[in-house]
Amino acid sequence: AEGRLMGVLTRDDAVRLEATLWQAPADLPSRLAAAGIGDDGVVQIECTLRDGNGERARNDLLVSAAVEGGDLLGLESGDLGDNTPYTEAHRKTFGGRVIVFVRPEGPTRVRLSAPGLGDVEVEC
């Protein structure tokens, strides 16, 4: 259970995987065009391990991604000590988080999984 220890919020182990599509700022297309950069169509899915109280979990797990209808470009956790190639279909979370990069080719489904947790599907 979540608690407080000397005024500090404590977190528990993950009970679920949460995944959401990152939403670019509304002015991004015009900023890219002004910089001479084209839109490459890449989407970013932010994955977070959550404990039973909805807080970011204290543990880290291996998250796997499977893509239907697009290309998996890579996973990134921000852990500088993790030398897993970006193009692998899995990466351990860091601080309970990992980001998945996908290039959709029409309707695309991304299934995310972590050991002991239910799978999550994201459509992009």
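Residue numbers run from 1 in the order of the sequence given. The figures that follow rest on heavy atoms only: side chains count, while hydrogens, waters and symmetry mates do not.
Residues Val110 and Leu21 share a hydrophobic cluster, clusters being chains of Ile/Leu/Val/Met/Phe/Trp/Tyr side chains in contact below 4.5 Å. No single ILVMFWY cluster, assembled from side-chain heavy atoms under 4.5 Å apart, contains both Phe94 and Ile99. When the side chains of ILVMFWY residues are joined at heavy-atom separations under 4.5 Å, either directly or via intervening members, Leu117 and Val120 end up in a single hydrophobic cluster.
Here the side chain of Asp51 pairs a donor or acceptor atom with the backbone of Asn53 at under 3.5 angstrom. Side chain of Thr48 to main chain of Arg97: no donor-acceptor pair is present (N/O by atom type, distance under 3.5 Å, no hydrogens or angles). No side-chain donor-acceptor contact under 3.5 Å links Glu88 to the backbone of His90. The main-chain N or O of Gly96 is found under 3.5 Å from a side-chain atom of Asp60 such that the two form a donor-acceptor pair.
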*Test side chain to side chain contact (heavy atoms under 4.5 Å, CB included) applied to Val102 and Leu73, step by step*: CA-CA 5 Å; Val102 174; Leu73 301 178; 5.9 Å; no
*Step by step, work out the side chain to side chain contact (heavy atoms under 4.5 Å, CB included) result for Leu17 and Cys47.*
CA-CA 7 Å; Leu17 177 62; Cys47 304; 4.1 Å; yes
*Could you walk me through whether Arg50 and Glu55 pass the side chain to side chain contact (heavy atoms under 4.5 Å, CB included) test, one step at a time?*
CA-CA 5 Å; Arg50 296 285 180 192; Glu55 299 296 326; 5.6 Å; no
*Worked verdict on Asp12 versus Val15 for side chain to side chain contact (heavy atoms under 4.5 Å, CB included)*: CA-CA 9 Å; Asp12 291 325; Val15 297; over 6 Å; no
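Under the 4.5 Å side-chain criterion, counting only non-hydrogen atoms from C-beta, Thr93 is not in contact with Ser77.
Screening Ile45, Val67, Val43 for a side chain to side chain contact (heavy atoms under 4.5 Å, CB included) involving Val100 leaves a single residue, Ile45.
Here the straight-line distance linking atom CG of Asp71 with atom OG1 of Thr87 works out to 12.0 Å at 0.5 Å rounding. Remark: Tyr86 OH to Glu76 CD distance equals 4.5 Å, nearest 0.5 Å.
Taking a cutoff of 4.0 Å between a charged side-chain nitrogen and a carboxylate oxygen, Arg111 and Glu121 qualify as a salt bridge. Between Arg91 and Asp82 there is a salt bridge, with a side-chain nitrogen of the basic residue lying less than 4.0 Å from a carboxylate oxygen of the acidic one. A salt bridge is defined here as a Lys NZ or Arg NE, NH1 or NH2 lying under 4.0 Å from an Asp or Glu carboxylate O, and Arg103 with Glu105 fails to meet this definition. Using a cut-off of 4.0 Å between Lys/Arg side-chain N and Asp/Glu carboxylate O, Arg58 and Asp13 are scored as salt-bridged. Of the charged side-chain nitrogens involved, at least one lies within less than 4.0 Å of a carboxylate oxygen, so that Arg109 and Glu68 count as a salt-bridged pair.
Closest of all the heavy-atom pairs between Ala19 and Val122 is CB-CG2, 3.7 Å. Closest of all the heavy-atom pairs between Pro104 and Cys124 is CG-SG, 4.2 Å. Residues Ala65 and Leu112 approach most closely at CB-CD2, 3.7 Å, considering heavy atoms. Nearest heavy-atom pair across Ala14 and Asn59 is N-OD1, 2.8 Å. In this structure, Gly54 and Arg16 approach most closely via the heavy-atom pair CA-NH2, 4.0 Å. Leu75 approaches Ala89 most closely through the heavy-atom pair CD1-C, 4.0 Å.
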